[in-house]
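Quick notes on the structure that follows.
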Amino acid sequence: HSFHRRSLLIEVIVEDRVLEICIDRPDAKNALTLAMYDAMTAALEQAESSDDVRVVLFRGSHGVFTSGNDLQDFIEDPPLGEDTPVFRFLQKIVSFEKPVVAAVDGWAVGIGTTMLFHCDLVYASKRAKLKMPFVDLALVPEAGSSLILPRMLGHQKAAELLFFSKKISAEEGEKLGFINEVVDPDDLLELARKRAKKLAELAPNSLRLTKRLLMNAHHHRLEDAMSAEGALFKELLQSSEFSEAVSAFFEKRKPDFG
Ligand code: COA
């Protein structure tokens, strides 16, 4: 059963029981628009309900994973509630029961990094670069990263990454524990597909329950963290600090926070 659909800069391919979600918007470094979040959520829903799909694989294109949320969309149509495309996407990936693999090449910014914390296996190329520039944008962390990072790194290392929007290389990500393997860019997709295919051959119910058990320990705390983050994120999206940060990005200048 092979399947191929292309809509709104998100390409969905099903092959060998792996549903591949490819982010493909090269002119904006694969920045995610509202329609793209909706397309990814729909793809996850399809993967969830289809017996033909055992595993999901996320990847970018043109040497970029994603530059995160589209900054123009943040201004024009900010996600101010829980029933918004970005929140629905996050809820879906956080509660997704089948295994999720990610192949990260080039930049993975903002949600491009935080969504990886909810993938089960993450493969990266040597030139992968990750960062969570929430403070740079005068926002707060999302996707439960405010809970996950200090648990993974301790408070000080987490604070350093978030306060300074510090860049993380693939090798550092591997050392920190959220990247499984780092390979040459040319080998990345083959490796991720090989691992995804291997997962698709394993006992699906056992995998689903194993994933559920791994998640059990922090599932409720994650929900709490995400709603606390969401409330503050929404407040800051409407702040003058945020307008200044985004104007500065598009005007290619340093922001002035007074
Ligand atoms: N939203 C909208 N447009 C974006 C974007 C985003 N998140 N990221 C990049 N773009 C656009 C740029 O405005 C630029 O457009 P232009 O060609 O019209 O000037 C184009 O994509 C190329 O980006 P550029 O910054 O020139 O590429 P780069 O290789 O120098 O840097 C990044 C790549 C990803 C590091 C950089 O684009 C960046 O920091 N983007 C913003 C990331 C961000 O803050 N995301 C939100 C996190 S919550």
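Indexing begins at 1, ligand by ligand and atom by atom, following the structure's order.
- Under the 30°/60° scheme for interplanar angles, the aromatic rings of Phe242 and Phe74 are found to stand perpendicular.
- Identified under the ring pair (Phe, Tyr, Trp, His ring centres under 6.0 Å) test for residues 101-133, with sequence neighbours left out: Phe117-Phe178.
- Side chain of Asn30 to backbone of Ile23: a donor-acceptor contact under 3.5 angstrom is found.
- Residue Glu190 places its CD atom among 12 or fewer non-hydrogen atoms of other residues, nucleotides or ligands, all under 6.0 Å distant.
- Sorted by chain and number, the heavy-atom contacts of ligand 1 below 4.0 Å come from Asp27, Ala28, Lys29, Ala31, Ser67, Asn69, Asp70, Leu71, Trp107, Val109, Gly110, Pro133, Phe134, Leu137, Phe249, Phe250, Lys252.
- Within a 6.0 Å sphere centred on NZ of Lys234, heavy atoms belonging to other residues, nucleotides or ligands number 12 at most.
- Heavy atoms from other residues, nucleotides or ligands lying under 6.0 Å from CZ of Arg221 number 12 at most.
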